[in-house]
Every structure is written in C-alpha cells, then in structure tokens.
Amino acid sequence: MSDRNTVLAQLRAAVGDRHVLTGDKATRRFRRGYRFGDGPVLAVVRPGSLLQLWKVLQAAVQGGAAIILQAANTGLTGGSTPDGDDYGRPIVLVSTLRLAGIQLLNEGRQVLCLPGATLDRLEQTLAPLGREPHSVIGSSCIGASVLGGICNNSGGALVRRGPAYTEMALYAQVDARGELQLVNHLGIALGDTPEQILQRLQNGDYSTADVSNGDGRAASDPRYAEEVRKVDADTPARFNADPSRHFEAAGSAGKLAVFAVRLDTFEKEAAEVFYIGSNRTDSLTAIRRQLLTGFERLPIAGEYIHRDAYDIGERYGKDSFLLIDKLGTARVPAAFALKSRADGWFERLGLRGVTDRVMQTLTGLLPSHLPKRMGEFRQRYEHHLLLKVSAQDAAATETWLRGFFNDHEGGYFHCTADEGRKAFLHRFAVAGAAVRYREVHREQVQDIVALDIALRRDDADWFEQLPADIDGRLLHKLYYGHFLCHVFHQDYIARKGEDPMAIEHAMWALLDQRGAEYPAEHNVGHLYPAKPALAGFYRTLDPSNTFNPGIGQTSKAKGWGSCDCDGH
C-alpha cells in the first residue's frame, strides 16, 4: 500500500490541486449524508473529465484505498458516504458532479448520461423534444443524479415506467486480482483502450453507425407496467433488493464506478390531476384496484399523503415548496449546497440548526402557500390521494370517480393546472419536512426513523396501526408515498431519550410479519442489512471490495475479509 502522501500527490496530478479537498471543513458536505452517514476521508476528489475519473481510480486502487463514488449526495440511508472510521484503509471519496453531460441518441428516443447529469437537467434537455426521462421532478429528489437512480434502482412513482433500470452502461470494476478494468456495454463502438473510449465518449466523437440498437439489451424496465397491475399478488411490485432488477450497473449501489448509462426516454403527454380525499382506507383500496385493472391505460402517478404528513409538510416544508415554486428546480441544488456550508460554519461554533430555525421563522411569517380547496379537504379527510392521468383519460376517470363517491364515503375535485402542480409539489415538500422538524425541535426530538417500504400488492390493511408500546415512543408519524404500487415512505419522529435504532428494529419485525420488503427504493445504505442475494450481487460486482465497502452492513475489509456475505 502506498503512503497517503503519495496517493494525494497522484490525485492532485490527475485533477489539479483545487479539486482535491482535504480536512474536515472542506470535505464536510461530501462526507456527511443528507439524513445519515459520516466518517473521515483521505480526500474528496472532483474530476472534471471521464479520463480524469479513470486516473483517480487508478491512483486510489494502486494506493490501496477504498473508493466511494458520490453524485448529488441526496440519499436517505448513507449509501454514498462513509460510515465510521473502521475501514482499515484510507477512503477516497469521488464527487462526480463536475462530470455533467447528456447526449441524445436516436433522435432523443434514448439518451446517454454521464455521472454528473442530474434528473432535473435531463428533464430540461428533453422538454423541447416533447419527451421525458424515466422520472421527473416531483417524483424524485431535487438535484438527484441520473446515474444514482440507476445504481439504486430508484424511482417508480411514475406508474407505467417503474424503477430506474438499464442493461447498457460503461463502468469500471476491480477484479479478483485487484486490477482495474473498463467494461463497455453501451452498445456504442468507441475504441479499444480506456483512454480512447473515455475521450471519444466525453467528446461525443462517434457516429450513428457506431451506435448499435440490435444487441437485445434493455434501456428501461420492460415488465413493470404488467407487474403493477397484479393487485392480487402476495408480493411487492418493486423493491430495491429485487434480484430480477439487478444487472451490472442497475442496482450496483456504488460497487462499480459507472461512467455512463444509456436510457430510454418517453413521450410527454398532457395530463390532468384529481385530488381525492377519504376517511376510509377501504375506499382508497377500491379506487386503487379500479385504476390498475379497470382502465386500458395506467394512470401516470398516484401519490398518497396522510393528514399528519400534510400538516408537517405544510409547516416545515414551506421554504422548500416556495423555493421551487418561485425560482424553479435549477437553483435548488446550489441553495442546498449554500445551506450546507452555512450549517458547517455554525456547527464549528457549537451552534447546530441555526439556518433551519431562521428559515422556519421567516417562512412562518408568510401567508398560506397551498390552494384553498386542498386546505378544505385537509379539514374533511384523513387520507389524501393525488391522481395524475393522461388528459385523454380524464373524462372517463372523472365519470368513474363521480359514480364511486355516490356510493362511498369521501370526495374529489378536478384540479386546475395550478392546483395540480402545487399538490404534487407539496407531496415533494413533505419528504424533507421531518428533517426540518428535527432541527427546529432538538429539545423534544431524539432523531428520525425513516423507512421506505414495499407492501404486498394484495395488502388491504396498508395503513399501519402501531402497537401502543411503539406508538408511545414517537412524537409524530408521517405516512406518504406511491400508493398505486404500494410503496410507502414512513418517517417516525422519536421522542427525546428514545433509542431510534431499537424502534427501527421493532418496525422491521412488524414489516416482516406483513410480508413487506424494505428499503423499497433508496438503497440499503449503511442502515439496512443486505439480504443474501443482494450481498452476493455486490460481491460478484466487486470481488476485491474496493468500491463502497460496508454497504448493506457487509464487510468493510479489503477482499471482504472473513465476511460470509449473508448481509448479517
């Protein structure tokens, strides 16, 4: 193993001094996860080209370092940050944000995305073509990277498209001999050597004749729309550890260094939104069954919000809502980065949560930001469903809803364009509200237990009823999620003095009894043990355990040490 100074010198030679960050202050926003995860690193390296990334990997591998690749650092389970200081070797954390790049293929019916390409930017690139990516903002985290979604099988909120998936990727891996290899499965002829392949790809130096479309590899999930319709199946529609959706880069969770992915795009269609409210879960269950089995075309999206989550989101997600509503999504990543730097400065003074408290106070002085009819439904109904359908299906959907609510408790309204946009934006704001609540109420809150779970498709008792001994340990329970595929996000705000990990393990036991899978879409990270099939997939991809060691609570040791890789 090379000494650390030698590794640092090689990293600086590869990318330049200013893009090799060392020390706690400079590396803080990269090595600390959005909700979870932290640990020391030898350096944070920010390559500016694919060839620089290759040279960084070469230096780290030759120096015996562990490597963690990170895109936007928007994950919820610490899957792209260190976890503690017990790796037995230095960590090189590689930030890929400077490696932005999106190339259109086949007249925009497909795209090729580099590591720093964000979902937001991809959406903007495709908009003039009347097309969309696999996920769109509102069903994804602001600033989230395209490659991060593929590597974590993320997404699925858009009912017809399912989790992020491709079988076409360019990636590096370290083989069992400890040698770095570059694998080109993009279906694009780019040359023979890593240097030639990477430089040609970076420059878009290839012709239509170099692009193959007949190799049989999929660039999106080919079967999800059929699977989600099976409402009587006793298994989940989708979940992160589903072996059937693991293929090289897809689901790799950082066990490969992915340079590019090739993805299908989708025709953008006019849509309309219905806002549905009810106090009975069986009413929403009946609606879900009809939407998935009773219409020729599937809905575009169906998002659930419980009243308590609505309330917390309205109050503690207000600044996120207003930031996106007034300034658009493009400025949000920079705003979050600025907040992280400010947080770091205050924390060095022993002052935690200052920016959150200030922002909460300021937004609390502003008038209500949500449409009046949404507020009225909040007063009347406990359970809320945001339904987006194709414009061509809106009339038939409304006719069915009107007839349904003639015989069932609840109601709906057909949203204006502004109401529909704000309803889905509020659903997005709910997702970060628990973090703000924790920071503002540190005196009452121990921490957050954040679960994303995939219920059985036939589970009629989808709304959780916790035992009193668990419920009493919580201040709030926030239930929201992707209702049509039965994937729910459940954030539990634990009372001060309670043990969040003990609470989470108790939750796991309850979920196991229900036949649920978890996590559903956010990667096992360092919070969850990888099940045997998933741990085996990780070891196959990375036999030397160089990339993202410890993921899924597997071994952090080089070469996997004495790990039996059962994930426990």
Side-chain angles (χ1 to χ4, degrees), residues 47-54 57 69 71 96 98-136 145-151 153 155 160-173 181-224 245-252 256-268 541:
S49 71
L50 297 181
L51 185 56
Q52 284 187 1
L53 173 56
W54 176 254
L57 299 180
L69 274 85
T96 62
R98 295 180 65 220
L99 300 175
I102 297 169
Q103 300 172 14
L104 299 177
L105 302 173
N106 299 324
E107 299 178 327
R109 293 188 299 276
Q110 289 187 324
V111 291
L112 190 148
C113 294
L114 303 190
T118 64
L119 193 55
D120 177 54
R121 184 59 188 163
L122 178 56
E123 189 176 349
Q124 294 176 36
T125 300
L126 292 174
L129 304 178
R131 301 192 69 82
E132 292 180 333
H134 157 269
S135 295
V136 296
S145 72
V146 177
L147 267 67
I150 291 294
C151 293
N153 290 135
R160 305 172 190 175
R161 302 177 192 175
Y165 181 80
T166 189
E167 297 170 359
M168 309 182 82
L170 173 68
Y171 60 87
Q173 64 185 150
Q181 307 287 346
L182 186 67
V183 179
N184 180 11
H185 286 163
L186 287 172
I188 304 175
L190 294 166
D192 300 315
T193 68
E195 291 77 12
Q196 186 179 32
I197 291 170
L198 296 173
Q199 287 180 311
R200 287 186 62 189
L201 178 63
Q202 182 95 49
N203 298 328
D205 181 19
Y206 54 88
S207 67
T208 302
D210 294 320
V211 180
S212 170
N213 294 306
D215 58 6
R217 289 177 177 255
S220 60
D221 191 325
R223 60 186 179 86
Y224 181 73
R245 292 190 174 95
H246 293 158
F247 189 94
E248 297 177 352
S252 58
L256 299 172
V258 183
F259 286 75
V261 295
R262 181 173 168 181
L263 303 169
D264 289 331
T265 68
F266 303 86
E267 184 178 357
K268 187 175 183 177
L541 295 179

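Because the structure is predicted, anything quoted here is derived from the model rather than measured.
Evaluation of the side-chain hydrogen bond (donor to acceptor under 3.5 Å, both in side chains) test over residues 256-266, restricted to residues two or more places apart or in two chains, returns Q110-R262, Q110-D264, R131-T265, N213-R262, S220-D264. Within the structure, the salt bridge (Lys or Arg N to Asp or Glu O under 4.0 Å) test picks out no pair touching residues 181-191 (sequence neighbours left out). Here salt bridge (Lys or Arg N to Asp or Glu O under 4.0 Å) pairs that include residues 100-113, with residues two or more places apart or in two chains, are E107-R109.
In this structure, W54 CH2 and Q199 CD are separated by 13.0 Å, a value rounded to the nearest 0.5 Å. Of the inter-residue distances, the one linking E123 atom CD with K268 atom NZ reads 6.5 Å to the nearest 0.5 angstrom. For the atom pair F259 CZ and I197 CD1, the distance stands at 10.0 Å (nearest 0.5 Å). The line from CG of L198 to CG of L182 is 5.5 Å long, rounded to the nearest 0.5 Å. Separation of atoms CZ (R200) and CG (L190) is listed at 5.5 Å; rounding is to 0.5 Å. Taken from CG in L122 to CD1 in I102, the straight-line distance is 4.5 Å, to the nearest 0.5 Å.
Shortest non-hydrogen contact noted between Q196 and G191 is OE1-CA, 3.3 Å. Residues P163 and N153 come closest through the heavy atom pair CB-O, 3.6 Å.
Counting only distance, with no hydrogens or angles, the side chain of Q173 and the backbone of L541 share a donor-acceptor pair below 3.5 Å. Here the side chain of S145 pairs a donor or acceptor atom with the backbone of G148 at under 3.5 angstrom. With H134 contributing its side chain and A164 its backbone, the two residues share a donor-acceptor pair below 3.5 Å.
Within the 4.5 Å cutoff, side-chain heavy atoms of C151 are placed close to those of V258. A heavy-atom distance below 4.5 Å is not found between the side chains of L147 and T96. Side-chain contact check for P115 versus L50: some heavy-atom pair is nearer than 4.5 Å. With a 4.5 Å cut-off on side-chain heavy atoms, P133 and L119 count as touching. By the 4.5 Å heavy-atom criterion applied to side chains, L126 and V111 are counted as neighbours.
For T193, there are no side-chain hydrogen bond (donor to acceptor under 3.5 Å, both in side chains) partners at least two apart in sequence or on another chain. Remark: H185 engages no residue in a ring-ring contact (aromatic ring centres under 6.0 Å, His included) (not counting sequence neighbours). Applying the side-chain hydrogen bond (donor to acceptor under 3.5 Å, both in side chains) criterion to R160, with sequence neighbours excluded, gives E269, S390. For R217, the salt bridge (charged side-chain N to carboxylate O under 4.0 Å, His left out) criterion is met by E248, not counting sequence neighbours. With sequence neighbours left out, the side-chain hydrogen bond (donor to acceptor under 3.5 Å, both in side chains) criterion links D221 to R245. Every residue meeting the side-chain hydrogen bond (donor to acceptor under 3.5 Å, both in side chains) condition with Q181, not counting sequence neighbours, appears here in chain and number order: D175. A search for salt bridge (charged side-chain N to carboxylate O under 4.0 Å, His left out) contacts involving R161 returns E132, not counting sequence neighbours. Take L112 and apply the side-chain contact (heavy atoms from CB on, under 4.5 Å) test, not counting sequence neighbours, and it matches Q103, L105, L114, L186, I188, L201, Y206, A260. Looking at residues two or more places apart in sequence or on another chain, you find a side-chain contact (heavy atoms from CB on, under 4.5 Å) between A169 and Y171, A249, V261.
More than 12 heavy atoms of other residues, nucleotides or ligands sit less than 6.0 Å from atom CG of D215.
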